[in-house]
Amino acid sequence: MKAVAEAPGKAIITGEHFVVHGAWSLAAALQMKVRVEATDSEKLTIDSDRFAAGTPGLKPVRDFVQSLLSEFSWSQRMRLSIKSDLPHGAGLGSSAATMVAVVAAVSRLRGHPFTVEETISRSMVGETDVHGKASGVDPTVCAMGGVVLFRRGSKPRRVVPQHGLSLLVAFTGKSRSTKGQIAKVVAVRNASQGFFDGLAGSISGVSKTAAEELRTGDLIGLGRLLAFNHALLATLGVSSRELDALVEELTSMGCYGAKLTGAGGGGSVVAVAPEGKEKRIISRLKARGIEAYQSHVPAGGVKSWVE
Ligand code: PMV
(Lines give C-alpha, C1' and ligand atoms only; values in the text may rest on other atoms or scores of the structure.)
Protein backbone atom coordinates (compact mmCIF):
# COMPACT_ATOMS: atom_id res chain seq x y z
CA MET A 1 0.00 0.00 0.00
CA LYS A 2 1.18 3.52 -0.76
CA ALA A 3 -0.09 6.66 1.01
CA VAL A 4 0.34 9.94 -0.86
CA ALA A 5 -0.03 13.49 0.44
CA GLU A 6 0.36 16.86 -1.22
CA ALA A 7 0.63 20.24 0.51
CA PRO A 8 0.98 23.67 -1.11
CA GLY A 9 3.69 26.23 -0.46
CA LYS A 10 2.66 29.68 0.77
CA ALA A 11 3.35 33.35 0.31
CA ILE A 12 2.92 35.72 3.23
CA ILE A 13 1.05 38.71 1.80
CA THR A 14 1.48 40.89 4.90
CA GLY A 15 2.71 40.60 8.48
CA GLU A 16 5.69 38.22 8.52
CA HIS A 17 7.99 38.54 11.54
CA PHE A 18 5.44 40.71 13.39
CA VAL A 19 3.18 37.63 13.42
CA VAL A 20 5.75 35.82 15.58
CA HIS A 21 5.13 38.57 18.19
CA GLY A 22 1.33 38.45 18.09
CA ALA A 23 0.37 40.66 15.10
CA TRP A 24 -2.15 39.71 12.39
CA SER A 25 -0.76 38.30 9.15
CA LEU A 26 -2.37 37.54 5.78
CA ALA A 27 -1.04 34.58 3.79
CA ALA A 28 -2.02 32.58 0.72
CA ALA A 29 -1.39 29.00 -0.38
CA LEU A 30 0.52 28.69 -3.67
CA GLN A 31 -0.05 26.29 -6.54
CA MET A 32 3.50 24.95 -6.22
CA LYS A 33 3.51 22.04 -3.80
CA VAL A 34 5.35 19.26 -1.97
CA ARG A 35 4.37 15.63 -2.57
CA VAL A 36 5.21 12.86 -0.12
CA GLU A 37 4.79 9.14 -0.83
CA ALA A 38 4.90 6.77 2.14
CA THR A 39 5.27 2.98 1.87
CA ASP A 40 6.11 0.21 4.33
CA SER A 41 9.75 -0.75 4.24
CA GLU A 42 12.50 -2.66 6.12
CA LYS A 43 13.59 0.45 8.03
CA LEU A 44 12.99 4.21 8.13
CA THR A 45 14.35 5.70 4.89
CA ILE A 46 13.76 9.24 3.63
CA ASP A 47 14.73 10.46 0.18
CA SER A 48 14.17 13.82 -1.42
CA ASP A 49 14.66 15.39 -4.84
CA ARG A 50 16.12 18.47 -3.05
CA PHE A 51 18.69 16.86 -0.71
CA ALA A 52 21.03 13.92 -1.27
CA ALA A 53 20.57 11.01 1.18
CA GLY A 54 22.50 11.46 4.43
CA THR A 55 23.01 15.24 3.96
CA PRO A 56 22.13 17.64 6.84
CA GLY A 57 19.14 19.10 4.93
CA LEU A 58 17.04 16.00 5.69
CA LYS A 59 17.90 15.80 9.39
CA PRO A 60 15.00 17.94 10.71
CA VAL A 61 12.51 15.87 8.68
CA ARG A 62 14.05 12.61 9.89
CA ASP A 63 14.04 13.72 13.56
CA PHE A 64 10.48 14.91 13.19
CA VAL A 65 9.24 11.66 11.59
CA GLN A 66 10.95 9.58 14.27
CA SER A 67 9.34 11.55 17.10
CA LEU A 68 5.92 11.47 15.41
CA LEU A 69 6.09 7.69 14.92
CA SER A 70 7.21 7.02 18.48
CA GLU A 71 4.63 9.37 19.98
CA PHE A 72 1.84 7.29 18.41
CA SER A 73 3.70 3.97 18.87
CA TRP A 74 3.64 3.46 15.10
CA SER A 75 6.18 1.23 13.36
CA GLN A 76 9.30 3.06 12.13
CA ARG A 77 9.58 0.69 9.15
CA MET A 78 8.63 3.08 6.44
CA ARG A 79 10.04 4.76 3.35
CA LEU A 80 9.20 8.39 2.61
CA SER A 81 9.88 9.91 -0.77
CA ILE A 82 9.65 13.72 -0.99
CA LYS A 83 9.30 15.72 -4.21
CA SER A 84 9.04 19.51 -4.16
CA ASP A 85 8.17 22.20 -6.72
CA LEU A 86 9.37 24.81 -4.21
CA PRO A 87 12.90 26.21 -4.03
CA HIS A 88 14.39 25.59 -0.58
CA GLY A 89 15.10 28.54 1.77
CA ALA A 90 13.18 30.86 -0.55
CA GLY A 91 10.48 32.04 1.87
CA LEU A 92 7.83 30.04 0.01
CA GLY A 93 7.05 27.56 2.77
CA SER A 94 9.02 24.55 1.53
CA SER A 95 9.78 23.35 5.10
CA ALA A 96 6.19 23.88 6.33
CA ALA A 97 4.68 22.20 3.24
CA THR A 98 7.09 19.28 3.73
CA MET A 99 6.14 18.86 7.41
CA VAL A 100 2.41 19.10 6.60
CA ALA A 101 2.63 16.58 3.73
CA VAL A 102 4.78 14.22 5.85
CA VAL A 103 2.25 14.30 8.72
CA ALA A 104 -0.62 13.66 6.30
CA ALA A 105 1.16 10.80 4.45
CA VAL A 106 2.44 9.08 7.60
CA SER A 107 -0.91 9.24 9.42
CA ARG A 108 -2.70 8.02 6.27
CA LEU A 109 -0.27 5.06 5.88
CA ARG A 110 -0.76 4.09 9.52
CA GLY A 111 -4.54 4.08 9.07
CA HIS A 112 -5.25 7.15 11.23
CA PRO A 113 -5.51 10.13 8.82
CA PHE A 114 -5.29 13.35 10.83
CA THR A 115 -7.81 16.17 10.50
CA VAL A 116 -6.55 19.53 9.16
CA GLU A 117 -6.38 20.87 12.75
CA GLU A 118 -4.39 17.84 13.96
CA THR A 119 -2.08 18.13 10.93
CA ILE A 120 -1.39 21.78 11.78
CA SER A 121 -0.62 21.13 15.42
CA ARG A 122 1.65 18.13 14.65
CA SER A 123 3.49 20.05 11.88
CA MET A 124 4.11 22.95 14.28
CA VAL A 125 6.47 20.68 16.25
CA GLY A 126 8.71 20.18 13.19
CA GLU A 127 8.37 23.82 12.14
CA THR A 128 9.45 25.09 15.58
CA ASP A 129 12.47 22.81 15.40
CA VAL A 130 13.49 24.37 12.05
CA HIS A 131 12.63 28.03 12.81
CA GLY A 132 13.36 28.20 16.53
CA LYS A 133 10.42 30.50 17.27
CA ALA A 134 7.60 29.97 14.77
CA SER A 135 4.21 31.70 14.67
CA GLY A 136 2.36 28.80 13.03
CA VAL A 137 1.22 30.82 10.01
CA ASP A 138 3.16 28.65 7.53
CA PRO A 139 1.81 25.19 8.50
CA THR A 140 -1.67 26.69 8.97
CA VAL A 141 -1.84 28.03 5.41
CA CYS A 142 -0.11 24.98 3.89
CA ALA A 143 -2.71 22.73 5.57
CA MET A 144 -5.83 24.91 5.11
CA GLY A 145 -5.09 26.26 1.61
CA GLY A 146 -6.72 29.43 0.27
CA VAL A 147 -6.10 32.80 1.90
CA VAL A 148 -5.95 33.02 5.69
CA LEU A 149 -5.92 35.92 8.14
CA PHE A 150 -3.85 34.57 10.99
CA ARG A 151 -2.87 35.58 14.51
CA ARG A 152 -1.17 33.36 17.08
CA GLY A 153 -3.72 31.99 19.52
CA SER A 154 -6.81 33.07 17.46
CA LYS A 155 -8.89 30.85 15.19
CA PRO A 156 -7.57 31.36 11.62
CA ARG A 157 -10.05 33.28 9.42
CA ARG A 158 -10.53 32.25 5.82
CA VAL A 159 -10.61 35.15 3.32
CA VAL A 160 -12.36 34.67 -0.03
CA PRO A 161 -10.99 36.99 -2.73
CA GLN A 162 -13.66 38.70 -4.82
CA HIS A 163 -12.42 37.39 -8.15
CA GLY A 164 -9.62 35.24 -9.47
CA LEU A 165 -6.46 36.80 -8.05
CA SER A 166 -2.94 35.89 -9.12
CA LEU A 167 0.10 36.48 -6.97
CA LEU A 168 3.48 36.87 -8.62
CA VAL A 169 6.42 35.38 -6.81
CA ALA A 170 10.06 35.94 -7.76
CA PHE A 171 13.08 34.30 -6.11
CA THR A 172 16.31 36.27 -5.60
CA GLY A 173 18.18 32.97 -5.99
CA LYS A 174 19.69 33.46 -2.55
CA SER A 175 18.48 31.06 0.15
CA ARG A 176 18.86 31.88 3.84
CA SER A 177 17.94 30.55 7.26
CA THR A 178 14.64 31.67 8.76
CA LYS A 179 16.04 31.10 12.25
CA GLY A 180 18.76 33.76 11.83
CA GLN A 181 16.29 36.30 10.44
CA ILE A 182 13.86 35.75 13.33
CA ALA A 183 16.72 36.28 15.80
CA LYS A 184 17.57 39.61 14.10
CA VAL A 185 14.01 40.87 14.63
CA VAL A 186 13.97 39.69 18.25
CA ALA A 187 17.13 41.78 18.81
CA VAL A 188 15.41 44.91 17.37
CA ARG A 189 12.39 44.27 19.58
CA ASN A 190 14.51 43.82 22.69
CA ALA A 191 16.42 47.02 21.95
CA SER A 192 13.32 49.20 21.31
CA GLN A 193 10.15 47.57 22.57
CA GLY A 194 7.92 50.66 22.20
CA PHE A 195 9.03 51.33 18.63
CA PHE A 196 8.53 47.66 17.71
CA ASP A 197 5.06 47.47 19.30
CA GLY A 198 4.01 50.56 17.34
CA LEU A 199 5.07 48.94 14.06
CA ALA A 200 3.38 45.65 15.02
CA GLY A 201 0.09 47.45 15.74
CA SER A 202 0.31 49.16 12.39
CA ILE A 203 0.96 45.85 10.61
CA SER A 204 -2.10 44.25 12.21
CA GLY A 205 -4.14 47.09 10.65
CA VAL A 206 -2.39 46.53 7.31
CA SER A 207 -3.22 42.79 7.34
CA LYS A 208 -6.90 43.36 8.14
CA THR A 209 -7.18 46.07 5.47
CA ALA A 210 -5.38 43.85 2.94
CA ALA A 211 -7.90 41.06 3.66
CA GLU A 212 -10.73 43.53 3.00
CA GLU A 213 -9.12 44.66 -0.25
CA LEU A 214 -8.87 41.06 -1.41
CA ARG A 215 -12.54 40.57 -0.60
CA THR A 216 -13.53 43.63 -2.58
CA GLY A 217 -10.98 43.13 -5.38
CA ASP A 218 -9.12 46.43 -4.77
CA LEU A 219 -5.75 45.39 -6.16
CA ILE A 220 -4.40 48.96 -6.31
CA GLY A 221 -5.06 49.40 -2.58
CA LEU A 222 -3.52 45.99 -1.90
CA GLY A 223 -0.39 46.94 -3.85
CA ARG A 224 -0.03 50.11 -1.77
CA LEU A 225 -0.11 48.03 1.42
CA LEU A 226 2.55 45.66 0.06
CA ALA A 227 4.87 48.61 -0.61
CA PHE A 228 4.28 49.99 2.90
CA ASN A 229 4.86 46.57 4.50
CA HIS A 230 8.13 46.17 2.57
CA ALA A 231 9.35 49.51 3.92
CA LEU A 232 8.59 48.44 7.51
CA LEU A 233 10.45 45.14 7.04
CA ALA A 234 13.41 47.03 5.59
CA THR A 235 13.35 49.23 8.72
CA LEU A 236 13.71 46.08 10.82
CA GLY A 237 16.79 45.14 8.78
CA VAL A 238 15.41 41.97 7.18
CA SER A 239 15.48 43.13 3.55
CA SER A 240 18.57 42.94 1.35
CA ARG A 241 20.03 44.66 -1.70
CA GLU A 242 18.70 41.86 -3.94
CA LEU A 243 15.21 42.04 -2.43
CA ASP A 244 15.02 45.84 -2.68
CA ALA A 245 16.17 45.65 -6.32
CA LEU A 246 13.57 43.00 -7.17
CA VAL A 247 10.79 45.00 -5.47
CA GLU A 248 11.80 48.07 -7.48
CA GLU A 249 11.99 46.09 -10.70
CA LEU A 250 8.53 44.55 -10.27
CA THR A 251 7.10 47.97 -9.50
CA SER A 252 8.74 49.47 -12.58
CA MET A 253 7.27 46.62 -14.68
CA GLY A 254 3.80 47.84 -13.68
CA CYS A 255 2.98 45.86 -10.52
CA TYR A 256 0.68 47.69 -8.11
CA GLY A 257 3.04 46.79 -5.28
CA ALA A 258 5.69 44.29 -4.22
CA LYS A 259 7.40 43.24 -1.00
CA LEU A 260 9.71 40.62 0.42
CA THR A 261 7.80 37.54 1.55
CA GLY A 262 8.78 35.24 4.42
CA ALA A 263 11.83 35.78 6.58
CA GLY A 264 13.78 37.99 4.11
CA GLY A 265 17.57 38.45 3.94
CA GLY A 266 17.30 36.74 0.52
CA GLY A 267 14.45 34.48 -0.49
CA SER A 268 11.53 35.83 -2.49
CA VAL A 269 9.34 38.79 -3.35
CA VAL A 270 5.55 38.71 -3.74
CA ALA A 271 3.71 41.18 -6.00
CA VAL A 272 0.27 42.02 -7.38
CA ALA A 273 0.01 43.00 -11.02
CA PRO A 274 -2.83 44.40 -13.13
CA GLU A 275 -5.01 41.56 -14.42
CA GLY A 276 -3.77 40.27 -17.77
CA LYS A 277 -0.23 41.61 -17.34
CA GLU A 278 1.04 38.78 -15.11
CA LYS A 279 2.31 36.41 -17.82
CA ARG A 280 4.27 39.16 -19.57
CA ILE A 281 5.95 40.23 -16.32
CA ILE A 282 6.85 36.62 -15.48
CA SER A 283 8.38 36.02 -18.91
CA ARG A 284 10.40 39.26 -18.68
CA LEU A 285 11.78 38.13 -15.29
CA LYS A 286 12.53 34.63 -16.60
CA ALA A 287 14.32 36.09 -19.63
CA ARG A 288 16.65 37.77 -17.11
CA GLY A 289 17.35 34.44 -15.41
CA ILE A 290 15.08 35.13 -12.40
CA GLU A 291 13.00 32.20 -11.12
CA ALA A 292 9.43 33.57 -11.14
CA TYR A 293 5.95 32.12 -10.84
CA GLN A 294 2.34 33.17 -11.24
CA SER A 295 0.10 31.46 -8.71
CA HIS A 296 -3.70 31.58 -8.90
CA VAL A 297 -5.47 32.21 -5.61
CA PRO A 298 -7.11 30.38 -3.95
CA ALA A 299 -5.02 27.19 -4.16
CA GLY A 300 -6.17 24.07 -2.27
CA GLY A 301 -4.80 22.84 1.06
CA VAL A 302 -3.30 19.50 2.10
CA LYS A 303 -4.82 16.32 0.73
CA SER A 304 -3.93 12.68 1.16
CA TRP A 305 -5.07 9.37 -0.29
CA VAL A 306 -4.11 5.74 -0.68
CA GLU A 307 -2.96 4.22 -3.98
O1 PMV B 1 10.66 32.44 5.15
P2 PMV B 1 9.73 31.47 5.74
O3 PMV B 1 8.94 30.71 4.74
O4 PMV B 1 10.46 30.52 6.67
O5 PMV B 1 8.64 32.30 6.58
C6 PMV B 1 8.81 32.66 7.90
C7 PMV B 1 7.77 33.63 8.38
C8 PMV B 1 8.16 34.28 9.72
O9 PMV B 1 7.11 35.21 10.04
C10 PMV B 1 9.46 35.04 9.63
C11 PMV B 1 8.27 33.24 10.84
C12 PMV B 1 6.96 32.65 11.33
O13 PMV B 1 6.99 31.53 11.87
O14 PMV B 1 5.91 33.31 11.23
Side-chain angles (χ1 to χ4, degrees), residues 1-10 27 29-90 92-131 134 136-146 148 156 158 178 295 298-307:
M1 181 171 91
K2 185 203 279 180
V4 184
E6 289 182 349
K10 60 83 216 188
L30 297 174
Q31 287 178 297
M32 293 95 79
K33 54 186 186 289
V34 173
R35 177 185 169 98
V36 174
E37 295 184 359
T39 45
D40 286 308
S41 171
E42 292 280 286
K43 59 180 172 68
L44 180 61
T45 322
I46 303 177
D47 59 75
S48 153
D49 61 350
R50 294 274 159 181
F51 302 103
T55 53
L58 279 177
K59 190 175 179 309
V61 182
R62 196 182 171 81
D63 292 350
F64 172 61
V65 172
Q66 275 172 332
S67 70
L68 179 71
L69 291 171
S70 40
E71 189 181 340
F72 287 86
S73 306
W74 286 336
S75 162
Q76 304 258 343
R77 292 160 163 240
M78 152 180 318
R79 174 170 181 226
L80 294 174
S81 181
I82 305 170
K83 288 199 174 71
S84 175
D85 301 336
L86 296 154
H88 181 71
L92 302 178
S94 92
S95 74
T98 301
M99 298 299 176
V100 166
V102 160
V103 168
V106 166
S107 63
R108 172 73 64 183
L109 185 72
R110 290 292 173 251
H112 177 79
F114 288 149
T115 62
V116 167
E117 289 73 23
E118 283 171 326
T119 304
I120 295 170
S121 67
R122 305 316 317 169
S123 309
M124 266 304 285
V125 178
E127 188 68 357
T128 306
D129 194 36
V130 177
H131 286 181
V137 64
D138 290 9
T140 301
V141 177
C142 296
M144 285 177 66
V148 178
R158 211 175 256 295
T178 297
S295 183
V302 65
K303 49 183 199 253
S304 70
W305 63 94
V306 167
E307 280 181 0

Atom [atom1] in [X], atom [atom2] in [Y]: separation rounded to 0.5 Å?
X: R62; Y: L80; atom1: CZ; atom2: CG; answer: 9.5 Å
X: S304; Y: E6; atom1: OG; atom2: CD; answer: 10.5 Å
X: I82; Y: L58; atom1: CD1; atom2: CG; answer: 6.0 Å
X: L109; Y: E37; atom1: CG; atom2: CD; answer: 11.5 Å
X: I120; Y: C142; atom1: CD1; atom2: SG; answer: 9.5 Å
X: R108; Y: K303; atom1: CZ; atom2: NZ; answer: 12.5 Å

List for me each residue that meets side-chain hydrogen bond (donor to acceptor under 3.5 Å, both in side chains) alongside [X], sequence neighbours excluded, and say none if there are none.
X: S95; value: E127
X: E42; value: none
X: H88; value: S94

Exercise. Crowded around R77 CZ? As in, over 12 foreign heavy atoms under 6.0 Å?
Worked result: no
For this session: For the pair F64 and V103, evaluate side chain to side chain contact (heavy atoms under 4.5 Å, CB included) and give the outcome as yes or no after the intermediate values.
Result: CA-CA 9 Å; F64 172 61; V103 168; 3.4 Å; yes
[Y] backbone acceptor or donor facing [X] side chain under 3.5 Å:
X: R50; Y: S84; value: yes
X: R158; Y: M144; value: yes
X: S107; Y: F114; value: yes
X: T45; Y: K43; value: yes
X: T115; Y: E118; value: yes
X: D85; Y: K33; value: yes

For this session: Mind running side chain to side chain contact (heavy atoms under 4.5 Å, CB included) on D63 and S67 for me, showing each step along the way?
Result: CA-CA 6 Å; D63 292 350; S67 70; over 6 Å; no
Exercise. How far apart are the C-alpha atoms of M1 and V306, what are their side-chain angles, what is the distance that settles it, and do they pass the side chain to side chain contact (heavy atoms under 4.5 Å, CB included) test?
Worked result: CA-CA 7 Å; M1 181 171 91; V306 167; 3.5 Å; yes
Problem set entry | No-hydrogen, no-angle side-chain donor-acceptor test under 3.5 Å, R79 and S41 |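 Absent: no donor and acceptor within the cut-off.
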Problem set entry | Passing candidate, side-chain contact (heavy atoms from CB on, under 4.5 Å) with T39, options K2, E307, M78 | K2
For this session: Output, in order, the C-alpha distance, side-chain angles, deciding distance and verdict of side chain to side chain contact (heavy atoms under 4.5 Å, CB included) for V4 and V36.
Result: CA-CA 6 Å; V4 184; V36 174; over 6 Å; no
Considering all heavy atoms of both residues, which atom of [X] and which atom of [Y] are nearest to each other, and what is their separation?
X: P139; Y: V100; value: O-CG2, 3.8 Å
X: P8; Y: G301; value: CD-C, 3.8 Å
X: A101; Y: V34; value: CB-O, 4.0 Å
X: G145; Y: A29; value: CA-CB, 3.7 Å

Problem set entry | Verdict with supporting geometry, E71 and R122, salt bridge (charged side-chain N to carboxylate O under 4.0 Å, His left out) | CA-CA 11 Å; E71 189 181 340; R122 305 316 317 169; 2.4 Å; yes
For this session: Evaluate the side-chain proximity of S70 to Q76: yes if any heavy-atom separation is below 4.5 Å, no if none is.
Result: yes
Exercise. Under 4.0 Å between a Lys/Arg side-chain N and an Asp/Glu carboxylate O for D40 and R110?
Worked result: yes
Exercise. Could K10 and D138 be called an ion pair, given the rule that one side-chain N must be under 4.0 Å from one carboxylate O?
Worked result: yes
